[in-house]
Structure formats: C-alpha cells, structure tokens
Amino acid sequence: MSNRIILAIAMLFATESAFSQNSVVAPPAKPAVAAPMGAANPASTPPHVKPEAKSEAKPPASTPDSRSAAALALSSEPTFDEGTAQRIKDAALSYSDIAVRGGWPMLPADAKFANGVAGPQDDLLRARLIVSGDLAADKASGPYDDILAAAVKRFQTRHGLAATGMMTPRTLAALNVPVKKRIQQLEASLERVINMNFGFGQRYVVVNIPAAFAEAIENDRVVRRYRVIVGKTEKPSPTLAAEITNVNLNPTWTVPVSITKNEISAHMRKDPNYLARMHMELLDAHDSVLDPHAVDWSATHTPNFTVRQQSGAWNALGSVRIDMPNSYSVYMHDTNQKNLFSDDYRFDSHGCARVDNVRDLAAWVLKDLPKWSRQEIDLVIASGQREDIHLPKKIPVAWTYLTGWMTRDQTVQFRNDVYDQDTQLLEATAEEAAFFNQAGNHPLTAHLAR
C-alpha cells in the first residue's frame with residue numbers, strides 16, 4: 001500500500017503542475033532526471049547500441065544465432081531481478097520530477113525529419129530528448145545531425161524500437177506518449193513485481209511478455225537473450241512463476257481441447273484430409289487410434305478424443321519443448337514457422353512462448369549434464385528420435401508483464417501495453433485502496449484497514 005501512496009502523491013504533483021504538457025522545459029544544470037534515464041554521456045552512442053556500418057555491403061542474412069547475439073549485445077542487465085522493485089520506484093520518482101517541471105514537449109504529428117537536413121522541428125525534437133535524458137543539455141539547437149541521430153537511437157533502444165536513428169512513425173508515437181502515461185506504466189509494473197512470489201536462483205529464466213524477449217540469467221547477468229513469440233491479444237500469455245523440469249527433443253504435440261474444438265474442427269469441415277496432411281492422429285482415452293472420417297466435426301460439444309501431432313519438421317512445437325509445469329499448461333518451445341522471429345511484432349501464439357534459437361537455450365538449461373552438449377542435442381534432433389531429458393536441479397522461470405522498468409545501469413525501459421493490462425490493474429488497485437480507506441473510517445470494518 002505504501003508504494004501506491006508514494007506514486008499517487010507523485011501523480012498528484014504531475015496533475016496539479018502549473019506547466020503544460022506541451023511546454024518546453026529546460027532541465028536544471030545538473031538534472032536529477034538525466035542520470036536515471038541512461039548512461040553518463042547521452043550525447044554519444046551508448047555502448048550497447050552498435051554504430052551504423054559505413055559500408056554499402058549487403059547485410060548478412062538473419063539467423064537464430066545472429067539474432068540472439070544481437071539481442072544479448074543490447075545489454076547484460078536483467079529485466080527482472082531482486083532489485084527491480086526499488087529501481088522502478090526510483091524511475092517513477094524521476095519521471096514524477098519531469099511531470100512537476102511540465103513534462104516534455106509534443107511533436108506535431110506531421111513533423112518531418114531527415115539526417116543531414118535542417119528542419120523546422122529539429123530544436124523541438126532536441127528539447128524532447130533532453131528532457132528524457134537521451135540528449136545532453138548543451139545540444140539544444142542544430143539540424144538533424146549525427147549527434148541527434150544517436151540520441152534518437154538511444155531513445156529507440158529504450159523503447160524496444162529498431163535503433164535506426166531515423167524518425168519512424170512508431171518512434172514519433174513513442175516520443176509523444178505523455179509523461180503521466182509513463183508514470184502509470186511504472187506504477188503498474190511495480191505493483192506486479194511486488195506481488196510476484198518468485199524465488200531467484202543462481203540461474204533462472206525470465207520472459208518479459210510486452211518486450212517479447214526471454215533472458216537466461218546466471219550470477220546476476222544475462223548470458224543469453226532470445227526473441228520470443230508470445231500470446232495474441234485475444235489469447236494472452238499469462239504471468240507466472242514456475243520451474244523448468246524437463247527438455248523434450250523431437251516432441252509430439254497434444255493439441256489443446258480449445259484448439260481442437262475451435263480450429264481443428266473448422267479445418268476438417270473444409271478439408272477431410274487436413275489431419276493426414278498435418279501428420280495428426282485421433283486418439284481415444286486409451287491412446288487407441290480413431291478414424292477421423294467417423295467423427296462428426298460439425299458438433300459444438302467438447303471433443304471426447306485427443307488430437308496429437310507426430311514429431312517432425314511439420315510439428316507446431318518444432319524440435320524442442322522446455323517443460324515448466326504450471327496451472328496454465330503453457331511452456332516454451334521451438335516452432336516450424338521460424339520466419340516469425342524476424343518480425344518486430346511478435347504476439348502471435350495461443351499463450352505459449354516460442355523461443356528463437358531454442359536449441360541454444362536448451363543447451364544452457366542442460367549445461368550441468370555433461371552428456372547434453374549443443375552438438376549432442378543437434379545429433380538427437382537430426383536422428384528424429386524422441387528424447388525426454390529430466391533436470392536433476394530445477395531452474396526457476398518467471399513470465400512477467402513489465403511495460404516500464406529500470407536496469408542496474410540506470411537505463412529506463414518502456415514497452416507497449418499490448419494486452420491493455422496496465423489500465424485494468426491500476427483501476428483495480430484504486431478500487432481496492434478506496435475500499436480500505438472507507439473501511440478505516442467505519443467502526444465495524446476498521447480492523448480491515450490495519
């Protein structure tokens with residue numbers, strides 16, 4: 001409750017400020033906000049953002065290894081660790097200070113920017129980036145040069161956007177999110193972290209759903225980072241705390257009943273050979289094979305059979321499944337649609353997390369078992385043989401929903417609230433606070449507020 005009170009006070013200051021959100025605010029000589037926003041020298045390209053290549057050579061093709069290496073190069077700081085809650089509080093206070101000073105200026109929706117070309121909105125963009133600490137205060141004027149492009153890259157990196165240094169529509173939209181909204185994101189993320197009962201270990205895995213990335217953390221450092229595909233907006237991935245218990249190589253896929261009822265049935269009505277084409281079979285309660293042509297696929301009742309897809313290149317789980325028993329029956333796995341990992345928007349699953357370069361993650365998970373090197377994993381997968389590997393020591397895994405957080409290097413990160421859960425959480429929290437405030441004033445319910 002105390003955390004909510006602190007942030008509520010900060011929000012009150014922001015709301016009652018005499019300044020307008022659209023005003024340009026010059027930060028103090030030694031801005032208290034600039035440091036928490038990121039590195040000590042925001043005018044230069046941050047060390048975790050690689051400079052653009054000068055060569056005109058065609059970039060190499062994207063591969064699972066190159067994508068995970070690029071993701072890891074962004075930072076070795078965990079999204080979620082034991083200090084996350086306190087750092088989010090610190091970031092919220094810094095952003096509340098920005099709000100009290102009038103927020104940051106808004107850029108016109110039709111503003112145009114081009115590197116090397118002077119434009120009428122260049123100084124306004126500089127003012128916006130100075131307020132959030134992405135650009136040094138002494139760079140307040142000038143055309144769209146390399147220094148301003150580096151500041152834009154820095155902002156893009158902090159907001160999960162492609163660090164191009166160019167003003168894309170998504171970058172402009174992120175720049176124009178009001179500071180009040182950013183404070184609300186931090187407040188909602190703090191509430192989730194405080195209420196997440198997670199046992200951090202020497203080694204653990206974190207999937208941050210809004211960021212669509214997974215991190216393998218060892219000795220408080222990110223040693224692997226992977227792109228992931230998480231749940232669609234209508235089928236969101238859950239937040240949870242669990243443990244990795246097994247790694248399955250060449251797994252079969254038992255189709256969830258909801259998918260069988262709503263999707264498989266529709267396919268079978270259009271194409272009676274759909275199951276055969278997808279290497280799927282029908283099984284009864286005793287795992288005996290049923291004839292799909294003898295089933296009434298037009299029925300709306302819950303199927304009294306199981307659909308199972310055989311292992312192979314066609315399998316929806318790909319070649320690896322990482323088991324983490326939980327009440328939502330979700331897990332991490334490979335996919336036979338690896339092209340999806342190249343997309344920036346990666347919210348396309350039924351709730352599970354598809355992991356890019358998942359064999360690399362499996363090798364890290366199994367590193368304490370000498371037999372299971374990456375080479376051995378590849379050999380077993382190539383053989384087509386089903387293999388279930390039990391972990392003698394379970395590895396904690398957390399699926400989080402953080403749209404705002406700060407890492408130990410003082411970089412504040414934001415992501416879109418893809419499931420619109422921040423607003424729902426804050427409304428529920430406000431209702432709870434109102435209830436206990438009223439209870440505290442009533443003689444029959446005063447004990448509830450203690």
Side-chain angles (χ1 to χ4, degrees), residues 228-232 234-235 237-238 242-340 348-355 358-359 361-362 365-366 371-372 376-391:
V228 297
I229 298 166
V230 290
K232 302 176 182 179
E234 65 272 22
K235 297 177 181 177
S237 295
E243 293 178 318
I244 298 173
T245 58
N246 295 277
V247 173
N248 311 130
L249 305 182
N250 295 317
T252 58
W253 178 41
T254 300
V255 181
V257 172
S258 61
I259 296 179
T260 298
K261 180 178 178 180
N262 299 321
E263 299 180 32
I264 300 293
S265 294
H267 285 299
M268 286 299 291
R269 288 195 294 269
K270 294 179 181 179
D271 177 11
N273 295 318
Y274 176 78
L275 287 184
R277 287 194 299 103
M278 300 301 293
H279 302 270
M280 293 176 171
E281 56 187 6
L282 294 185
L283 304 173
D284 64 15
H286 305 288
D287 276 357
S288 298
V289 178
L290 300 174
D291 180 3
H293 299 288
V295 172
D296 179 10
W297 294 101
S298 63
T300 57
H301 58 77
T302 302
N304 59 355
F305 52 79
T306 298
V307 176
R308 184 173 298 160
Q309 189 176 43
Q310 301 163 10
S311 60
W314 47 78
N315 191 280
L317 304 187
S319 58
V320 178
R321 166 177 161 157
I322 298 177
D323 279 337
M324 37 177 281
N326 59 84
S327 59
Y328 300 97
S329 299
V330 293
Y331 42 86
M332 297 180 288
H333 64 88
D334 189 14
T335 179
N336 58 358
Q337 296 178 296
K338 293 180 172 57
N339 59 299
L340 297 177
D348 195 39
S349 81
H350 286 78
C352 289
R354 308 178 204 173
V355 183
V358 69
R359 297 188 192 189
L361 175 58
V365 167
L366 299 172
K371 174 185 176 182
W372 291 107
E376 184 63 25
I377 291 172
D378 288 342
L379 287 173
V380 171
I381 291 174
S383 74
Q385 176 185 347
R386 169 74 184 264
E387 188 78 42
D388 297 327
I389 310 166
H390 178 71
L391 271 66

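Please read these numbers as outputs of a predicted model, since none were measured by experiment.
- Here the CD1-CD distance, from Ile264 to Gln309, works out to 8.0 Å after rounding to the nearest 0.5 Å.
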Check: residues 277-286 side-chain donor-acceptor pairs under 3.5 Å, at least two apart:
unit_1 : atom_1 : unit_2 : atom_2 : d
Arg277 : NE     : Asp271 : OD2    : 3.0
Arg277 : NH2    : Asp271 : OD2    : 2.8
Asp284 : OD1    : His286 : N      : 2.8
Asp284 : OD1    : Asp287 : N      : 3.1
Asp284 : OD1    : Ser288 : N      : 2.8

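- Put simply, CE on Met268 and CG on Asn273 are 7.5 Å apart, with the number rounded to the nearest 0.5 Å.
- Looking only at distances, a side-chain donor or acceptor of Ser265 sits under 3.5 Å from a matching main-chain atom of Thr260.
- Within the 4.5 Å cutoff, side-chain heavy atoms of Thr252 are placed close to those of Arg386.
- Looking only at side-chain heavy atoms (C-beta outward), Asn336 and Asn315 stay at 4.5 Å or farther from each other.
- Side-chain atoms of Asp323 never come within 3.5 Å of backbone atoms of Thr245 as a donor-acceptor pair (strictly under, hydrogens ignored).
- Using a 4.5 Å cut-off on side-chain heavy atoms (C-beta onward), Glu243 and Met324 make no contact.
- Side-chain rings of Tyr331 and Trp253 stay apart, their centers remaining 6.0 Å or farther from each other.
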Go through Ile322 and Val355 one step at a time and tell me if the side-chain contact (heavy atoms from CB on, under 4.5 Å) criterion holds. CA-CA 10 Å; Ile322 298 177; Val355 183; 5.9 Å; no
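- Rounding to the nearest 0.5 angstrom, the gap separating the OG atom in Ser383 from the CG atom in Asp378 is 11.0 Å.
- Taking CG of Asn248 as the reference point, atom CG of Asp388 lies at 4.5 Å (rounded to 0.5 Å).
- Minimum interatomic distance between Ser349 and Ser237 (heavy atoms only, all atoms of both residues): OG-OG, 4.3 Å.
- Closest non-hydrogen pair, Ala353 versus Val230, comes out as CB-CG1, 4.4 Å.
- Across Pro238 and Gly351, no two heavy atoms sit closer than the pair CD-O, 4.0 Å.
- Of all the heavy atoms in Pro251 and Gly318, the pair that sits closest is CD-O, 3.8 Å.
- Under a 3.5 Å cut-off, the side chain of Thr335 and the backbone N or O of Lys338 do not form any donor-acceptor pair.
- Minimum interatomic distance between Pro325 and Ala242 (heavy atoms only, all atoms of both residues): O-CB, 3.7 Å.
- In plain terms, the two heavy atoms of Met332 and Ile244 that are nearest each other are CE-CD1, 3.9 Å.
- Considering only heavy atoms from C-beta on, Leu391 stays 4.5 Å or farther from Asn246 through its side chain.
- For the pair Leu290/Val295, no side-chain contact is recorded, criterion being any heavy-atom separation below 4.5 Å from C-beta on.
- Scored by the ring pair (Phe, Tyr, Trp, His ring centres under 6.0 Å) test, Tyr328 finds no partners at all (sequence neighbours excluded).
- With rounding to the nearest 0.5 angstrom, the OG atom of Ser319 is 4.0 Å from the CZ atom of Arg359.
- One finds no salt bridge joining Glu263 and Arg269 here, because no Lys/Arg side-chain nitrogen approaches an Asp/Glu carboxylate oxygen to under 4.0 Å.
- Using cut-offs of 30° and 60° for the angle between ring planes, the Phe305 and Trp297 rings count as perpendicular.
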Could you go through the salt bridge (charged side-chain N to carboxylate O under 4.0 Å, His left out) check for Arg321 and Asp334 one step at a time? CA-CA 6 Å; Arg321 166 177 161 157; Asp334 189 14; over 6 Å; no
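- Rounding to the nearest 0.5 angstrom, the gap separating the CG atom in Leu340 from the CD1 atom in Ile229 is 4.5 Å.
- Within the 3.5 Å criterion, the main-chain N or O of Val330 finds a donor-acceptor partner in the side chain of Asn326.
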